[in-house]
Amino acid sequence: ALRRIQTNVDVWMFDGHGRAHPRGAGLATHMGVRAAIVSIGVAKSLLVGKIDFSAQCQRTTRFGRRLLAAPVRLGGAILAQALWSRPDAEPIFVRCGHCVTLDQAVAAVLDVLEEHRLPEPTHVADALSKQVRLLSARAGRLMVERGELPGDGERLSACAPPAGSAHLQFLPRWPRG
């Protein structure tokens, strides 16, 4: 999918983790290495490390917004930067992905952090993904109503069908909880 994009991109921002991941490489790092691109991870949750509130400081976006920032440490090493884009909001966590330093990653995020909690590229992507999910759910309901998909708590199973039976089997939906 990345190869089909015709625009030159300086840095890719992923809604996920970079090097500050329990396995040492999150989505941003994996995609950066795999596609040989400069990548940054911007996550909404902290997977590893602790926020060092004793080293907090103020940062300013290019739009003049002042933010509170604090490093995320693990064993003394700084893994990420926590940024509070609004006083009433949870922090976001900026991490190195691939071919970028933490200072460069934070500067890139500050350049595109407007009035939302998330940087504009990930905010737009998050909003679009929610719209696609909503449209997919509506399309799925229409297909059930037309009889093109199973309904009433049934789902399609990827199980291999027994010999001589239909290619798809209907099994009860997994309980949510």
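The structure presented is a predicted model; accordingly, all values stated were derived computationally and were not measured. Atoms considered below: every heavy atom in the structure, side chains included; atoms not considered: hydrogens, waters and symmetry mates.
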For this session: Could you walk me through whether L79 and F93 pass side-chain contact (heavy atoms from CB on, under 4.5 Å), step by step?
Result: CA-CA 10 Å; L79 293 180; F93 301 95; over 6 Å; no
Seminar exercise, completed: With sequence neighbours left out, the residues meeting salt bridge (Lys or Arg N to Asp or Glu O under 4.0 Å) with D103 are none
For this session: Give a yes or no answer on whether the side chain of R117 reaches the backbone of E90 with a donor-acceptor pair at less than 3.5 Å.
Result: yes
Problem set entry | Flag side-chain contact, heavy atom, 4.5 Å: I92 against L118 | yes
For this session: Provide the closest heavy-atom pair for T29 versus C96 in the form atom of the first, atom of the second, distance.
Result: OG1-O, 3.8 Å
For this session: Taking the side chain as every heavy atom from C-beta outward, state whether L83 and V109 have any atom pair closer than 4.5 Å.
Result: yes
For this session: Determine which pairs satisfy ring-ring contact (aromatic ring centres under 6.0 Å, His included) with at least one residue from residues 104-138, sequence neighbours left out, and list them in order.
Result: H116-H123
Problem set entry | Closest non-hydrogen atom pair between M13 and V112, with its separation | CE-CG2, 3.7 Å
Seminar exercise, completed: CD1 (I78) and CG (L102) are apart, to the nearest 0.5 Å, by 7.5 Å
For this session: Kindly indicate whether the side chain of V72, heavy atoms from C-beta on, has any atom under 4.5 Å from the side chain of D52.
Result: no
Seminar exercise, completed: In short, Q81 meets P71 closest at the heavy-atom pair NE2-N, 3.9 Å
Problem set entry | Euclidean distance, R66 CZ relative to T61 OG1, rounded to 0.5 Å | 10.5 Å
Exercise. Is any side-chain heavy atom of R59 less than 4.5 Å from a side-chain heavy atom of V106?
Worked result: yes
Exercise. Taking the side chain as C-beta and beyond, is there a heavy-atom pair between T60 and L110 under 4.5 Å?
Worked result: no
For this session: Looking only at non-hydrogen atoms, find the nearest pair between F63 and L113 and report the distance.
Result: CD1-O, 3.4 Å
Problem set entry | Distance in Å, F53 CZ paired with K50 NZ, rounded so as to fall on 0.5 Å steps | 10.5 Å
N/O donor-acceptor pairs under 3.5 Å from side chains in residues 30-49, not counting sequence neighbours:
{"unit_1": "S39", "atom_1": "OG", "unit_2": "A28", "atom_2": "O", "d": "2.7"}
{"unit_1": "S39", "atom_1": "OG", "unit_2": "H98", "atom_2": "N", "d": "3.1"}
{"unit_1": "K44", "atom_1": "NZ", "unit_2": "D15", "atom_2": "OD2", "d": "3.2"}

